[in-house]
Amino acid sequence: MAQKPSIPKGTRDFSPLEVQRRQYIMNTIKRHFELYGFMPIETPSFENSDTLMGKYGEEGDRLIFKILNSGEYLKKADVNLLETGKENQLTSQISEKALRYDLTVPFARYVVQNQNDITFPFKRFQMQNVWRADRPQKGRFREFTQCDADVVGSDSLLQEVELIQLYDAVFTDLKLNGCTIKINNRKVLAGIAEVMGAEDRLIDFTVALDKLDKIGKEKVQEEMRSKGIDQEAIDVLDPVFSLTGSYADKIASMKELLKDSTIGLQGIEELEFINSFIDNSSLKSAALDLDITLARGLNYYTGCIFEVAAPDGVKMGSIGGGGRYDDLTGIFGLKNVSGVGISFGLDRIYLVIEQLELFPDSVRAGVEVLFINFGATEARYCAGLLSRFRESGIKTELYPDSAKMKKQMSYADRNEIPYVILAGEDEIASGKLNLKNMRTGEQSLLTVQEVIDRLS
RNA sequence: GUGGUCGUAGCUCAGUUGGUUAGAGCGCUGGUUUGUGGUGCCGGAAGUCGCGGGUUCGAAUCCCGUCUUCCACCCCA
């Protein structure tokens, strides 16, 4: 019985057109990565579990795809752990490898492992797939492609400035106007928690605050109360709920709120510095927006954090994100190496560009000319010409079978091949080719060289 | 991980309160007097109605399970 063909949940096949369009986006991103001085690296699809586990928070760990050990993995495992509720320990006994969840953590691992060969500051870019055991939705897949650029070994805020400009340059080049680059700083969030006297509730507090634009002030306060943050602390937070105005206005209000928090003020200073380099007029198509409610779940961020929202009217989660991580390499044993990076979500950018119909027609690049096959003799004659065409850089194809004319013409039409060459008995005798323009229907009898000149 | 939703030919879907050999459009394929595509006309192939159980004389239709899709949480690209 025939097996029903299928692919796993949250994965996709890509058609020729889709691949060409993905490559168009990737080539654009890559070009700008290189212009900004980033060098490519690649890392394995899977890592040792302990490289990945514990870097993304509890939620992230749950979404990491684990790879079952080979061989008699069950015989070596202590099954009793399941009954005593120590499932995590059992998991680590039967699974020692996992698919990478992002590109940042493997990169940190790479940096530490190759530190002797790396000259700092090290700027690398990486465009590879990552996997998350999430429940799929639109724009949300279990296998997707991230395009990351990171710098490690410099704590200069100029890196943040450059990365913002890099975002803008890429989106401008993709004609994706109106993206919003949201920025915040973990130090500011820590400062707010400090001022509230809720340092120990930092995570609960940021998770709740993050939902402000979604569920509103009342609900956010309610959630904070339910997490055990007292009313007095929530009242302190009040100015944050009503922040308005420009980047500079928000900075001014926050400065006042955080006047007693060293770390908070430090965060504000960083944001101020960045804004002094990038007022919105210096960005070509994107807008930089200070969003104090931006939290981001990834545990390793310590300074500035970024998230990119698609243009208004497009319903899509963030199409990019990133931030500064001061001690990610420290986890692997290399201290005092600060890093900062951004990520482009290829799959979501694709969906946004598709929805806005911004893919250039030129992306579709197939065969340029098809030789019609009239039979064995004629085909042999045409076959001799193919390499001449190809050497001239013309994408050329000879129909493989001497099928009916209608079928061959229809093939050219379907594949949007712009020219067809008819070389039958008469043409061969005259030493010329009959070139047909499929768009206009016009036909002309030309020499081989004339045809090549016209097409190349 | 929680709650909901969808699943019928390659694709988009119809299928009345469970009742004979399950339909349409598009696509595919063949023909339309044989060297010309995109629109015409005529014919053809193709579905164990997601999968597995159950109820029934009888199930695409009702029930349970499972997988998949999409959505809201959660989280994120």
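Quick note: numbers below take in every heavy atom, side chains included, and nothing from hydrogens, waters or symmetry partners. Naming convention: chains lettered A, B, ... in sequence-line order (proteins, then strands); numbering from 1 in each chain.
In this structure, the CE atom of A:Met316 is 14 Å from the P atom of B:A77, given to the nearest Å. In this structure, A:Phe141 places its CZ atom 12 Å from C1' of B:C70, rounding to the nearest Å.
Side-chain atoms of A:Arg140 come within donor-acceptor range of the base of B:C75, with a qualifying N/O pair under 3.5 Å. For B:U2, its base sits under 3.5 Å from the side chain of A:Arg135 at one donor and acceptor pair at least.
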(request) Report the C-alpha separation of A:Glu160 and A:Leu163 in whole Å, then their side-chain angles, then the decisive distance to 0.1 Å, and conclude whether the side-chain contact (heavy atoms from CB on, under 4.5 Å) test is met. (result) CA-CA 5 Å; A:Glu160 272 87 339; A:Leu163 291 173; 5.7 Å; no

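If you check B:C74, B:C70, B:A77 against the side chain of A:Glu59, the one that comes closest is B:C74. For A:Lys315, counting side-chain heavy atoms from C-beta on, the closest listed nucleotide (B:C74, B:A72, B:A77) is B:A72.
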(request) Report the secondary structure of RNA chain B in dot-bracket form, marking unpaired bases with a dot and bases paired to a different strand with |, and treating Watson-Crick or G-U pairs with both distances under 3.5 Å as paired. (result) ((((..(..((((.....[...)))).(((((.......))))).....(((((..]....))))))..))))....

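Salt bridge present: A:Arg62 and A:Glu59 bring a charged side-chain N and a carboxylate O closer than 4.0 Å.
Each salt bridge (charged side-chain N to carboxylate O under 4.0 Å, His left out) pair with one or both residues in residues 340-349 of chain A, not counting sequence neighbours, appears once here: A:Arg12-A:Asp347, A:Arg22-A:Asp347.
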(message) Counting primed atoms plus P, OP1 and OP2 as sugar-phosphate and everything else as base, spell out the protein contacts along nucleotides 34-41 of chain B at 4.0 Å heavy-atom distance: B, S or - for each nucleotide, 5' to 3'.
(response) -BBBB---

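Between the side chains of A:Glu397 and A:Tyr411, a donor-acceptor pair is found at a separation under 3.5 Å.
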